[in-house]
Number of protein chains: 2
Amino acid sequence: MEIINQIDEVKRCSVQYVLALNDTLNVINGKWKLPIIGSLMYGKKRFKELERNIDKISPRMLSKELKDLENNGVVERTVYNTTPVTVEYELTESGKTFHSVLDVMVEWAVEHRERTLEL
Amino acid sequence: MEIINQIDEVKRCSVQYVLALNDTLNVINGKWKLPIIGSLMYGKKRFKELERNIDKISPRMLSKELKDLENNGVVERTVYNTTPVTVEYELTESGKTFHSVLDVMVEWAVEHRERTLEL
DNA sequence: ATTTACACTATACTTTTGTATACTACTATA
DNA sequence: TATAGTAGTATACAAAAGTATAGTGTAAAT
């Protein structure tokens with residue numbers, strides 16, 4: 001239960017709060033992060049599979065965004081020593097729990113819609 | 001409790017889920033949305049007050065972002081018939097509840113940090 | 001011998017986003 | 001009469017993000 005104290009501490013300090021917020025925003029920023037995470041929620045995938053799965057993404061963007069996600073600890077990249085090489089991408093534990101953040105965003109959007117329609 | 005059914009329905013359909021997600025993402029996108037929302041969390045403010053409160057923001061950006069937030073139903077703009085005019089900006093009900101979305105993002109970030117430090 | 005598949009990278013370009021600086025119209029104060 | 005404060009807008013520019021298209025090296029299949 002040590003993590004709850006950590007969370008409370010961060011919430012009490014606005015500087016730390018903003019820093020933590022930015023960590024999360026970095027995970028989802030850009031046009032392609034959510035499509036990639038969404039696709040990987042259904043299980044691990046290879047580069048070409050992702051490219052085929054995500055409509056209109058270019059290999060340049062896919063490669064760049066996967067690197068970002070890997071650097072942010074949300075995606076793990078595994079290279080298999082085959083010819084030609086096989087590379088698999090999958091969500092880390094944090095990547096999987098990110099689903100709960102997205103759910104809250106969706107919940108807020110639905111509640112917000114209801115509220116603004118009422119007027 | 002009708003809204004809970006709404007939320008469940010949206011969560012069951014990936015198209016609706018992504019649309020709702022985008023509503024929320026639009027609220028926070030861009031460099032200045034969060035600083036503005038954060039500043040208004042402490043109470044209603046006038047244009048110049050926001051400009052002084054938010055370091056390095058230009059009036060052009062402040063004006064543009066406030067319009068976005070108003071269009072998204074997160075901020076309300078009130079004009080008072082004084083000379084010179086007084087304009088007040090404040091969070092709507094949705095704007096105030098947005099705080100809970102930010103909290104979840106912060107919680108995820110803290111948990112994510114703990115997890116990645118463990119390795 | 002040519003095509004196909006893999007996992008990318010390189011280059012040039014367009015679009016979007018944000019910055020810098022100056023300006024508007026009005027009024028009260030020095 | 002000059003200056004400062006109100007709430008912005010106008011114009012030009014720079015930087016960041018994304019697109020389009022082609023190409024790399026290796027090996028198996030046709």
Side-chain angles (χ1 to χ4, degrees), chain A residues 18 21-40 42-72 74-91, chain B residues 18 21-40 42-72 74-91:
Chain A
V18 170
L21 208 44
N22 268 324
D23 284 3
T24 306
L25 289 174
N26 276 334
V27 169
I28 47 181
N29 89 355
K31 188 177 174 182
W32 300 108
K33 296 274 165 58
L34 281 177
I36 293 169
I37 292 172
S39 183
L40 291 176
Y42 291 88
K44 57 173 76 165
K45 295 217 169 56
R46 296 167 62 180
F47 190 89
K48 277 284 169 184
E49 282 182 280
L50 285 168
E51 204 181 332
R52 277 188 295 260
N53 245 272
I54 301 165
D55 197 38
K56 308 250 166 117
I57 196 168
S58 68
R60 185 188 195 267
M61 273 298 115
L62 180 56
S63 170
K64 188 192 158 288
E65 300 294 71
L66 282 170
K67 269 178 201 154
D68 279 10
L69 290 167
E70 203 193 342
N71 289 336
N72 287 333
V74 170
V75 160
E76 202 183 336
R77 180 176 181 267
T78 315
V79 184
Y80 294 96
N81 197 9
T82 57
T83 44
V85 275
T86 304
V87 181
E88 271 185 353
Y89 294 91
E90 63 183 313
L91 293 180
Chain B
V18 170
L21 209 45
N22 268 323
D23 284 3
T24 306
L25 289 173
N26 277 333
V27 170
I28 47 181
N29 88 355
K31 188 177 176 183
W32 299 107
K33 297 275 165 58
L34 281 178
I36 293 169
I37 292 172
S39 184
L40 290 176
Y42 289 89
K44 58 173 74 163
K45 293 219 170 59
R46 296 168 62 181
F47 191 89
K48 277 285 169 183
E49 282 183 280
L50 285 167
E51 205 182 330
R52 278 188 293 260
N53 244 272
I54 300 164
D55 197 37
K56 307 251 165 115
I57 196 167
S58 67
R60 184 190 195 268
M61 274 298 114
L62 181 55
S63 169
K64 188 192 159 286
E65 300 295 70
L66 282 170
K67 270 179 199 154
D68 279 10
L69 291 167
E70 204 193 342
N71 290 334
N72 286 333
V74 171
V75 160
E76 203 184 335
R77 181 177 181 265
T78 314
V79 184
Y80 295 97
N81 197 9
T82 56
T83 44
V85 276
T86 305
V87 181
E88 271 185 355
Y89 294 91
E90 64 184 313
L91 293 180

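Just so we're on the same page: letters track the sequence lines, and every chain starts at 1.
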Using whole Å, what does the distance between atom [atom2] of nucleotide [N] and atom [atom1] of [X] come to?
X       : N      : atom1 : atom2 : answer
A/Asp55 : D/dT19 : CG    : P     : 12 Å
A/Glu65 : D/dA16 : CD    : P     : 16 Å
B/Glu51 : D/dT9  : CD    : P     : 12 Å
A/Arg60 : C/dT9  : CZ    : P     : 11 Å
A/Leu66 : C/dC8  : CG    : P     : 8 Å
A/Met61 : C/dT15 : CE    : P     : 16 Å
A/Leu62 : C/dT9  : CG    : C1'   : 13 Å
B/Ile54 : D/dA7  : CD1   : P     : 14 Å

Under 4.0 Å, heavy atoms only, any strand: does [X] hit a base, just the sugar-phosphate, or nothing?
X       : answer
B/Arg46 : sugar-phosphate
A/Tyr80 : nothing
A/Thr83 : sugar-phosphate
A/Thr86 : sugar-phosphate

Out of [options], which has the shortest distance to the side chain of [X]?
X       : options               : value
B/Trp32 : C/dT19, D/dA7, C/dC8  : C/dT19
B/Phe47 : C/dA7, D/dA7, C/dT9   : D/dA7
A/Lys31 : D/dG18, C/dT9, D/dT9  : D/dG18
A/Pro84 : D/dG8, C/dA7, C/dC6   : C/dC6
A/Arg77 : C/dA7, D/dT19, C/dG18 : C/dA7

Evaluate the side-chain proximity of [Y] to [X]: yes if any heavy-atom separation is below 4.5 Å, no if none is.
X       : Y       : answer
A/Leu66 : A/Phe47 : yes
A/Asn22 : A/Leu25 : yes
B/Asn26 : B/Asp68 : no

Given that B/Lys48 and A/Ile57 both sit by DNA chain D, which one's nearest nucleotide is further toward the 5' end?
->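 The residue whose closest nucleotide sits nearer the 5' end is B/Lys48.
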
Any [X] side-chain nitrogen or oxygen under 4.0 Å from OP1 or OP2 of [N]:
X       : N     : result
A/Lys67 : C/dC8 : no
A/Ser63 : C/dT9 : yes
A/Arg52 : C/dC6 : yes

List the steps, then state whether side chain to side chain contact (heavy atoms under 4.5 Å, CB included) holds for A/Lys33 with A/Val27.
-> CA-CA 7 Å; A/Lys33 296 274 165 58; A/Val27 169; over 6 Å; no

Taking all non-hydrogen atoms of both residues, which atom of A/Glu51 and which atom of A/Leu62 are closest, and how far apart?
->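 Scanning both residues, the minimum pair turns out to be N-CD2, 3.7 Å.
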
Test: A/Lys67 and A/Glu70 ion pair at under 4.0 Å =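 Not counted as a salt bridge, because no side-chain N and carboxylate O are separated by less than 4.0 Å.
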
